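Report on the structure given below.
In this text the structure is predicted, and so the values were computed from the model without any measurement.
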Amino acid sequence: MSCHSCVTRVDASSVGQAPREQLHLIPCEIEHNGHAQITQYFNTAIKDRKHEKTVSFRGRGLKGQELTCPQGYTGLVLKEINKPDSDQEDRTLKVSCVFDKLTYWNLETPPNSDDAVMMAMDWPELAEAIHGAVED
């Protein structure tokens with residue numbers, strides 16, 4: 001698929017309709033699309049000790065940390081709106097849920113400042129420092 005002029009649009013009207021959800025970002029691929037019984041099975045197994053969250057997922061130890069979206073930002077989970085009769089390469093996404101914090105998990109080691117996700121949460125503040133107005 002050649003996409004020199006492809007456009008990806010986000011249906012902004014779907015933001016107001018999207019539920020606020022509790023999110024977990026885990027270091028694996030799960031071949032399932034749809035809801036899971038996170039509250040019943042995963043959340044109940046999380047242990048929170050000394051600012052470190054731990055849990056076991058399919059026998060693997062995970063260590064996590066709750067991250068808050070940077071001030072002034074809201075996280076969005078996007079889902080592609082399928083158009084089966086369309087051969088266009090343009091895409092339209094809708095907001096399936098919104099969040100202001102998420103729990104970020106690593107395999108066996110706690111999240112740290114070298115992790116890409118942790119650095120991404122710091123980017124807006126860094127970008128403002130780099131590109132913001134300079135006082136004389």
Side-chain angles (χ1 to χ4, degrees):
M1 169 166 83
S2 175
C3 211
H4 296 290
S5 63
C6 292
V7 175
T8 300
R9 293 180 184 85
V10 176
D11 176 8
S13 68
S14 62
V15 173
Q17 303 163 7
R20 188 163 297 275
E21 298 282 349
Q22 179 180 7
L23 262 59
H24 294 273
L25 181 57
I26 58 177
C28 65
E29 183 176 331
I30 300 172
E31 294 184 16
H32 172 74
N33 287 326
H35 292 283
Q37 295 176 334
I38 301 289
T39 305
Q40 184 177 358
Y41 296 109
F42 191 77
N43 287 351
T44 57
I46 296 173
K47 298 191 180 15
D48 200 350
R49 296 187 199 119
K50 298 180 185 176
H51 306 291
E52 179 180 274
K53 295 179 181 292
T54 59
V55 73
S56 177
F57 182 72
R58 295 192 169 199
R60 299 288 306 265
L62 302 177
K63 296 193 184 220
Q65 181 178 338
E66 189 170 271
L67 302 177
T68 302
C69 291
Q71 186 174 352
Y73 287 80
T74 299
L76 306 175
V77 176
L78 303 173
K79 183 175 184 176
E80 188 165 9
I81 299 173
N82 294 334
K83 296 183 181 179
D85 296 333
S86 174
D87 61 351
Q88 295 178 350
E89 295 174 353
D90 293 350
R91 298 169 53 188
T92 301
L93 307 173
K94 74 172 189 169
V95 178
S96 62
C97 74
V98 297
F99 61 95
D100 56 4
K101 60 184 175 181
L102 65 104
T103 305
Y104 170 61
W105 298 96
N106 270 344
L107 280 173
E108 300 167 359
T109 61
N112 65 65
S113 61
D114 292 333
D115 293 343
V117 172
M118 303 287 277
M119 288 188 281
M121 291 299 194
D122 290 335
W123 177 248
E125 185 178 339
L126 181 59
E128 177 62 30
I130 293 170
H131 301 290
V134 178
E135 294 181 24
D136 290 332

Carefully, step by step, assess Leu62 and Asn106 under the rule side-chain contact (heavy atoms from CB on, under 4.5 Å).
CA-CA 6 Å; Leu62 302 177; Asn106 270 344; over 6 Å; no
Rounded to the nearest 0.5 Å, what separation is found between the CD1 atom of Ile38 and the CD1 atom of Ile46?
9.0 Å
Atom pair CD/OH of Gln65 and Tyr104 - distance to nearest 0.5 Å
10.0 Å
Restricting to non-hydrogen atoms, name the atom on Trp105 and the atom on His24 that form the minimum distance, rounded to 0.1 Å.
NE1-ND1, 3.1 Å
For Thr44 versus Thr39, what's the shortest heavy-atom pair and its separation?
CG2-O, 3.3 Å
So, do Trp123 and Tyr73 have ring centers that fall under 6.0 Å from each other?
no
d(Met119 CE, Ser113 OG) to nearest 0.5 Å is 8.0 Å
How would you list, by chain and number, every residue that makes a salt bridge (Lys or Arg N to Asp or Glu O under 4.0 Å) with Glu52, sequence neighbours excluded?
Lys63
Qualifying salt bridge (Lys or Arg N to Asp or Glu O under 4.0 Å) pairs, either residue in residues 113-128, two or more places apart:
none
Can you measure from SG (Cys97) to CG (Leu78) and round to the nearest 0.5 angstrom?
9.0 Å
Identify, with sequence neighbours excluded, every residue that meets salt bridge (Lys or Arg N to Asp or Glu O under 4.0 Å) alongside Glu108.
Arg60
I'd like to check the salt bridge (Lys or Arg N to Asp or Glu O under 4.0 Å) partners of Lys94; sequence neighbours left out, ordered by chain and number.
none
Please identify each residue that fulfils side chain to side chain donor-acceptor pair (under 3.5 Å) with Ser13, with sequence neighbours left out.
Asp11
Is it the case that atom CD in Gln71 sees more than 12 heavy atoms from other parts of the structure closer than 6.0 Å?
no
Go through the structure and list residues passing salt bridge (Lys or Arg N to Asp or Glu O under 4.0 Å) with Glu66, not counting sequence neighbours.
Lys101
What's the shortest heavy-atom distance between Asn112 and Met118, and which atoms?
O-CG, 3.1 Å
Rounded to the nearest 0.5 Å, how far does CZ of Arg49 lie from OG1 of Thr54?
5.0 Å
Do any N or O atoms from the side chain of Ser96 and from the backbone of Val77 form a donor-acceptor pair under 3.5 angstrom?
yes
